[in-house]
Amino acid sequence: MLAFGITAVHAADLTYTQPLQNVTQSLTGQGITSDTYFVKEDYWDVQQAKLIFHYQVSQLADQRTSDITVVLNGVKFASFRPKNAAGLQTETIQIPLRLLAGSNHLQFMGQVLTTAAGTAQRVQTPANWLTVYPESNVNFVYALKPPEPAIRSFYAHFSGMDTISNGLSGIAVPQGPRNAELTAATHALAGYSRVMTNEQDQVPIAPFGTADLAKRVYQVVIARADRLPASLRGSISQTELVAKGAVIRTVYRGGTYYLVLTARTDALLIKAVRFAANQELMTQTRAAEKTITAATPTYSSSLQDNNGHYQLTAAGTQLTGAGRQSAAYFVRLPMDQTNATGSQVRLTFRYAQNLDFARSLVTVYINDTPIGSQHLRRTAANQATLALNIPAKLAVGDAITVRVAFDLALAGSGSQDNDQTPWAYVAPQSELFVRTKPVTDQLFSNYPSLFLKNNRFNQIAIVRPRTMTPSDFATLTNIVNLLGNFAKSNTGEVVYYTGQPAAAVLANHNVIAFGTPRANSYIHALQPHLYFQFNKTETGFVSNEKLSIEAAYGRTLGTAQLLRSPVNKNHVVLVVTGGTPQAAYLGSTQINFQKNISQHAGDLIAVDSDNQLYNYRFKKTASPTAPKSPVKRLLKRSSLVIFLTVAAVIFIVLAVLVVLLLRKYGRQSGKGREE
């Protein structure tokens with residue numbers, strides 16, 4: 001450790017407050033269970049952990065009989081009675097350190113009983129409720145273990161929640177980076193973004209030695225071997241690179257921890273960064289140096305095709321207690337896909353045989369929408385199955401919550417509500433089977449899936465200013481951060497350009513262009529296609545059919561414009577631009593985090609220097625799919641088709657009758673003349 005310049009000094013009494021990984025949950029019923037999760041970093045030497053539980057309970061709750069028990073990783077360690085009062089309540093609970101693991105499963109279990117005529121009611125009513133608020137958190141007090149020379153140790157510190165939240169991580173590129181170096185930095189940032197749990201923090205890309213990186217003590221340095229910073233160039237010899245290809249190495253000096261990724265060629269540099277963007281590979285690498293060659297496997301395991309099958313629970317879920325008991329499962333779908341006809345929830349489960357089967361049932365919800373129920377039967381108690389179709393019109397987005405709720409009713413009226421004998425078990429064979437169809441709407445409601453395919457970058461061409469300012473780097477960081485959140489694989493193609501890309505590139509790629517039109521010739525060429533267009537000097541936007549823009553105000557606006565590609569209507573062009581680099585940066589502030597982009601459903605976002613937002617839609621048709629022919633549109637209207645079919649049959653029958661009648665009376669008329 002001394003050889004790497006590490007001192008074994010622990011920073012004491014650091015604190016980190018981690019929100020519980022859930023949203024507001026309103027729970028109803030006498031027996032209540034709420035599941036949530038939190039994480040402890042392995043490099044923390046935890047001295048104290050406290051649960052800050054924010055909740056609200058029914059104003060009718062009986063303080064003498066209602067109770068809540070806290071369970072951590074299957075072990076009950078605290079119980080309390082809620083106050084018989086209205087409004088938000090807070091309970092602070094010390095967590096036993098011996099129960100902490102890396103990933104922690106936290107449960108709130110108990111019963112909320114209401115009173116009537118001075119006695120506790122054990123009859124389940126809507127008044128038995130508990131609401132858990134997302135302000136609930138776990139507060140850690142810890143000392144920091146310094147990183148070891150191992151690559152996996154650096155990776156843990158660099159991507160740690162506290163490191164990122166405190167602004168201590170950064171990605172460094174050379175001054176005046178080459179396009180290949182920016183491509184590599186994009187893969188690196190995407191790799192870290194996809195595993196980050198921080199919802200409002202990001203890791204910046206910036207030139208080495210600049211102010212943006214000055215206080216960031218954990219840095220990933222990406223550069224061609226001949227362009228490494230002088231202070232790091234001596235740590236990796238050219239002879240070593242010739243013999244080994246690309247090198248990933250930890251270099252710790254001067255209180256700053258570097259992970260250097262370098263190679264003699266652009267292709268090997270990008271290959272090395274794909275390795276660094278793979279969480280599994282990085283957490284397995286115990287050495288301080290890793291050699292990467294063209295033959296080194298770097299692809300993410302997430303590339304394995306599950307053919308639409310998503311396991312709900314790996315270890316099974318045990319539910320106990322009378323009344324309603326439920327378990328929730330979260331499934332992520334490819335960002336560019338949505339639910340189609342034929343999707344199903346397929347449950348395999350067991351349950352107790354001492355139930356009142358006339359009143360016991362299982363219900364399945366998709367994103368809180370019920371899709372079906374089934375009564376529990378005594379004959380199937382040891383091995384029950386249930387397959388429920390998911391309505392094709394049910395919008396599910398890229399994430400599905402499957403909630404399985406059991407109503408476990410006991411026979412008779414004298415059974416205790418907290419009895420553990422009624423139980424249900426959801427087996428690991430349970431799964432969500434999803435048939436998907438592509439989402440093609442070219443709107444921000446479908447961003448960033450337009451730039452992804454099968455969870456990876458989908459042939460992205462990024463056109464950047466030839467000379468990048470600090471604001472341009474900040475804009476790039478915002479763009480890549482959200483793309484990386486949804487790119488679950490480290491493969492896919494992203495290529496940078498500094499001028500007008502070739503026609504073949506524009507025809508076969510989705511394009512992202514950022515900066516000012518004076519610094520980016522491609523944006524300058526797109527002026528006729530922009531929804532908000534620039535003035536003659538390209539220093540600000542002018543009025544249009546959506547918004548009147550005063551000249552000075554137009555210079556403060558930044559925009560993100562989602563255009564249909566002028567070259568290929570099936571591709572899109574995202575233009576993040578303004579009259580100045582600072583204004584263009586404002587346009588990127590709404591496409592950096594999911595919580596921001598979820599507010600926008602049109603194809604243009606405008607932001608001014610006072611954070612005033614504008615959201616417009618210019619496209620008349622969101623999908624690039626060619627409009628159906630009149631015949632296809634007619635056939636799609638089934639009721640009209642049936643009517644026309646019946647009318648046609650009647651017309652044919654009448655025509656045949658007329659012909660037959662004419663022939664019959666024609667013959668009779670002819671015979672009459674002969675006589």
Side-chain angles (χ1 to χ4, degrees), residues 21-28 33-35 302 304-317 319 324-351 360-377 380 383-408 424-441 443 445-450 452-455 485-486 488 594 598 601 622-623 625 636 638:
Q21 297 177 16
N22 67 341
V23 294
T24 301
Q25 298 183 41
S26 288
L27 308 163
T28 302
T33 301
S34 173
D35 293 84
S302 59
Q304 296 171 1
D305 187 7
N306 54 23
N307 293 318
H309 297 268
Y310 298 88
Q311 187 180 25
L312 295 184
T313 172
T317 305
L319 301 168
R324 169 149 292 204
Q325 306 293 338
S326 64
Y329 307 99
F330 303 94
V331 175
R332 302 287 300 204
L333 298 182
M335 184 66 181
D336 58 327
Q337 302 288 314
T338 190
N339 173 45
T341 302
S343 300
Q344 286 187 327
V345 175
R346 299 169 179 173
L347 289 183
T348 300
F349 56 101
R350 303 191 299 272
Y351 44 87
S360 298
L361 69 155
V362 58
T363 304
V364 178
Y365 300 80
I366 296 291
N367 295 345
D368 291 328
T369 300
I371 64 169
S373 297
Q374 176 177 285
H375 269 289
L376 304 184
R377 295 176 292 116
Q383 189 66 33
T385 59
L386 174 62
L388 294 172
N389 292 326
I390 301 174
K393 293 183 179 180
L394 182 63
V396 297
D398 67 301
I400 296 179
T401 301
V402 180
R403 184 159 59 91
V404 181
F406 290 91
D407 288 293
L408 304 175
Y425 176 76
V426 180
Q429 293 83 357
S430 300
E431 67 173 14
L432 175 68
F433 174 68
V434 183
R435 292 190 188 278
T436 59
K437 59 183 178 181
V439 180
T440 59
D441 289 353
L443 300 172
S445 57
N446 195 26
Y447 181 85
S449 66
L450 292 165
L452 304 171
K453 185 175 183 180
N454 297 326
N455 288 327
N485 284 163
F486 291 98
K488 304 305 178 186
Q594 188 176 9
S598 63
S623 175
T625 305
K636 190 173 181 180
S638 57

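Side-chain atoms are counted along with the backbone in the values below, which use heavy atoms only and exclude waters and symmetry mates.
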For the student: nearest non-hydrogen atoms of [X] and [Y], plus distance:
X	Y	result
A315	Y425	O-OH, 3.4 Å
L361	H375	CB-CA, 3.9 Å
Y351	R377	OH-O, 2.6 Å
T313	G316	OG1-N, 3.0 Å
L450	T440	CD2-O, 4.2 Å

Please round to the nearest 0.5 Å and tell me the distance separating atom [atom1] of [X] and atom [atom2] of [Y].
X	Y	atom1	atom2	answer
L386	F349	CG	CZ	5.5 Å
I400	F330	CD1	CZ	12.5 Å
I390	F433	CD1	CZ	10.0 Å
Q429	L312	CD	CG	11.0 Å
I366	S343	CD1	OG	9.0 Å
L432	Q311	CG	CD	12.0 Å

Please enumerate all residues that pass side chain to side chain contact (heavy atoms under 4.5 Å, CB included) together with A328, with sequence neighbours excluded. T401
Among residues at least two apart in sequence or on other chains, which ones pass side-chain hydrogen bond (donor to acceptor under 3.5 Å, both in side chains) with R346? Q344, E431
Side chains of T317 and Y329: do they bring a donor and an acceptor to under 3.5 Å? yes
L347 vs L388 side-chain heavy atoms within contact, under 4.5 Å: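 Answer no - side chains too far apart.
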Any donor-acceptor N/O pair, D441 side chain to N446 backbone, under 3.5 Å: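 Between the backbone of N446 and the side chain of D441 there is no qualifying donor-acceptor contact (under 3.5 Å).
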Check the pair T363 / R403 against side-chain contact (heavy atoms from CB on, under 4.5 Å), numbers first and verdict last. CA-CA 8 Å; T363 304; R403 184 159 59 91; over 6 Å; no
Show your working on side-chain contact (heavy atoms from CB on, under 4.5 Å) between S430 and T348 and close with a plain yes or no. CA-CA 5 Å; S430 300; T348 300; 4.1 Å; yes
